[in-house]
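Let me begin by presenting the structure, written as structure tokens, before commenting on it.
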2 protein chains.
Amino acid sequence: MPRSQRPKRAAPGARERKRRDLSRGKLIAAAIELIDARGAAAITMRSLGKAVGATPMALYNHFSSKRDILAAVADHVVSAAEFDGQHADWRDQVRHCFDVLRRLCLRHPGLPGLLEQGDAAPVSVFAPMEVTLRAFRQAGLDDIDSTRTYFLLVSFTLGQAAYQTRGPIAGLELSEQVRADRIAGRGYAVAERLELPPSWDFDASFDFGIALVLNGVEATVRRKAAGADPSSGR
Amino acid sequence: MPRSQRPKRAAPGARERKRRDLSRGKLIAAAIELIDARGAAAITMRSLGKAVGATPMALYNHFSSKRDILAAVADHVVSAAEFDGQHADWRDQVRHCFDVLRRLCLRHPGLPGLLEQGDAAPVSVFAPMEVTLRAFRQAGLDDIDSTRTYFLLVSFTLGQAAYQTRGPIAGLELSEQVRADRIAGRGYAVAERLELPPSWDFDASFDFGIALVLNGVEATVRRKAAGADPSSGR
DNA sequence: ACCTGAACACCGTTCAAGT
DNA sequence: ACCTGAACACCGTTCAAGT
């Protein structure tokens with residue numbers, strides 16, 4: 001069919017959108033595969049192009065820049081998660097929400113880096129925020145403190161996941177070896193004689209952190225209630 | 001004085017060490033200046049070489065790699081800080097310690113990135129750890145929980161400082177504008193109607209986070225004491 | 001011992017050219 | 001509308017050569 005006889009598209013935007021989305025989807029899938037297999041640093045325009053059998057320059061037809069690609073990847077991964085566990089208890093809701101976020105980060109080790117840096121924060125990051133804020137409101141925390149605590153939990157979760165994924169920063173794991181080589185005799189008396197298990201239990205440490213923060217939330221709520229209405233006990 | 005008549009060095013290692021340290025010191029100082037002025041990404045072997053009036057390759061006489069330079073910078077910055085406030089109360093000690101760490105990160109915006117990634121963790125990171133572990137031991141927390149809480153506080157402090165320094169991730173600050181454009185009508189009912197002040201008070205939010213964690217520590221200690229010795233009230 | 005210049009194998013991105 | 005190839009201005013690092 002000669003080009004001139006091709007029917008005008010009734011909804012040109014729709015078709016165009018579809019083709020674009022198909023290619024964008026392929027690229028995003030390839031990018032995730034690359035990140036999961038070889039880390040976020042393995043994504044280059046050249047490697048990603050090769051992964052989909054195209055020239056690096058072909059990518060610029062679908063994304064305006066590398067940053068644009070990383071943002072789309074982050075959005076895709078975060079969007080696919082369900083942060084709302086539908087729990088009646090607000091503590092269970094928060095635990096579930098950050099458990100999901102943490103598993104997401106462990107499954108896609110590049111994700112924390114993508115979210116933290118790269119200006120790649122997608123709209124979908126508001127999903128865990130929404131769940132958490134709702135839970136804290138239920139707990140009796142005001143809007144400001146809820147937001148503050150949400151950011152605290154995000155920093156904690158991303159930090160822990162990054163630490164676990166990347167492996168301990170060189171020389172920062174508290175193995176016997178390190179403590180003998182680098183700490184001994186430098187005035188770090190407590191760190192030197194720390195009694196830790198031979199292997200670090202990341203799951204238990206994560207649960208501990210979440211529980212500690214939730215305890216802190218309860219204490220804050222009680223404190224504020226007492227301060228705002230000292231006669232509530234009457 | 002002709003070269004052949006120069007006296008043999010009595011302690012060759014010492015003199016050699018001194019010359020090396022001088023050059024290393026110059027390079028570290030130049031690197032910090034570069035980082036503070038233009039961000040950690042501005043450090044390249046070429047830019048750093050130019051800053052000290054030398055070829056990029058000259059740097060390799062004093063550092064084995066770029067990573068080596070960044071580690072030395074991190075160590076220098078962290079070493080200069082005094083994390084021990086000598087406070088009698090363990091809460092004051094912890095507050096002071098992380099206040100110092102936070103100010104360090106705010107003064108040198110590249111530092112969180114240097115510490116988090118880059119495998120650049122210097123031995124000096126054990127200084128704040130030592131202070132914190134000592135404080136938690138005083139509070140009655142065991143070694144494992146102390147270490148867990150220390151890492152929680154580090155993640156929180158670095159995360160908050162990075163967030164404040166870098167400016168909010170694009171589209172993640174909760175301004176009226178963003179909430180109208182990106183949140184409204186997407187099912188984020190709570191986030192949409194959040195009542196926040198027009199400008200975010202980072203100092204107050206940091207204090208809130210620290211206080212919340214300290215409350216959580218107290219609650220954990222009480223809980224463990226009650227569980228371990230239920231008859232303690234007798 | 002310290003420094004240099006050229007080179008290598010990479011980057012992200014622009015531009016002109018193809019279909 | 002989509003893709004390509006060549007090119008540009010960068011990287012960190014190696015190597016051989018200078019003093």
Side-chain angles (χ1 to χ4, degrees), chain A residues 1-4 6-9 11-27 30-31 34-35 38-73 113-114 117-120, chain B residues 2-4 6-9 11-27 30-31 34-35 38-73 114 117-120:
Chain A
M1 170 160 43
R3 185 185 184 83
S4 61
R6 245 191 344 195
K8 298 277 185 191
R9 287 170 281 175
R15 171 160 193 182
E16 190 182 336
R17 176 84 46 80
K18 187 163 185 189
R19 289 200 53 186
R20 277 180 63 89
D21 280 344
L22 194 66
S23 280
R24 280 178 71 100
K26 263 190 213 164
L27 284 172
L34 249 175
I35 290 181
R38 294 172 40 216
I43 291 206
T44 70
M45 300 305 269
R46 287 167 171 82
S47 70
L48 188 53
K50 184 174 287 184
V52 296
T55 281
M57 283 316 303
L59 311 189
Y60 286 90
N61 287 305
H62 306 278
F63 296 93
S64 63
S65 65
K66 187 185 179 183
R67 165 186 301 185
D68 192 19
I69 295 178
L70 296 180
V73 167
L114 247 52
Q117 63 177 19
D119 314 327
Chain B
R3 185 185 185 84
S4 60
R6 249 195 336 200
K8 298 276 186 193
R9 288 170 280 175
R15 171 156 192 186
E16 190 184 336
R17 177 85 47 82
K18 188 163 184 192
R19 290 200 51 189
R20 274 181 64 88
D21 280 346
L22 195 66
S23 280
R24 280 178 70 99
K26 262 191 215 165
L27 284 172
L34 250 175
I35 289 181
R38 293 171 40 214
I43 291 205
T44 70
M45 301 305 269
R46 287 166 172 84
S47 70
L48 187 52
K50 184 173 287 183
V52 297
T55 281
M57 284 316 303
L59 311 189
Y60 285 90
N61 287 306
H62 306 277
F63 295 93
S64 63
S65 64
K66 186 185 177 183
R67 165 186 300 184
D68 192 18
I69 295 178
L70 295 181
V73 167
L114 248 52
Q117 65 178 18
D119 313 328

#### Entry: B/Leu48 CG to C/dC3 C1', straight-line distance once rounded to whole Å
15 Å

### Task
Using atom CG of B/Leu59 as one end and atom P of C/dG5 as the other, report the distance to the nearest whole Å.
14 Å

### Under 4.0 angstrom between A/Ser23 side-chain N/O and D/dC2 OP1 or OP2
no

### Query
Does a side-chain heavy-atom distance below 4.5 Å link A/Lys66 with A/Leu48?
no

### Query
Is the backbone of B/Phe63 close enough, under 3.5 Å, to the side chain of B/Arg24 for a donor and an acceptor to pair up by distance?
no

All N/O pairs under 3.5 Å across the protein-nucleotides 11-15 of chain C interface:
from	atom 1	to	atom 2	distance (Å)
C/dC11	N4	A/Arg46	NH2	3.4
C/dG12	OP1	A/Lys66	NZ	2.8
C/dG12	OP2	A/Met45	N	2.9
C/dG12	N7	A/Arg46	NH1	2.6
C/dG12	O6	A/Arg46	NH2	3.0
C/dT13	OP2	A/Tyr60	OH	2.8
C/dT13	OP2	A/Lys66	N	3.1
C/dT13	O5'	A/Tyr60	OH	3.2

### Query
A/His62 side chain N/O closer than 4.0 Å to the phosphate oxygens (OP1, OP2) of D/dA1?
no

### Message
Only pairs with both distances under 3.5 Å count, Watson-Crick or wobble alike; so what is the partner of D/dC11 in this structure?
### Response
none

### Query
Which pair of non-hydrogen atoms, one from B/Ser47 and one from B/Leu34, has the smallest distance, and what is that distance?
OG-CD1, 3.7 Å

#### Entry: Base partner of C/dA16, which must satisfy Watson-Crick or wobble distances under 3.5 Å
D/dT4

### Message
Please report the distance, rounded to the nearest Å, between CZ in A/Phe63 and P in D/dA1.
### Response
19 Å

### Message
Looking at every heavy atom in both B/Ile35 and B/Val73, which two are closest together, and how far apart are they?
### Response
CD1-CG1, 4.0 Å

### Message
Measuring only between side-chain heavy atoms, which start at C-beta, is A/Leu27 closer than 4.5 Å to A/Ile69?
### Response
no

### Task
Heavy atoms only: give me the nearest A/Ser65-A/Tyr60 pair and the separation to one decimal.
CA-CE2, 4.2 Å

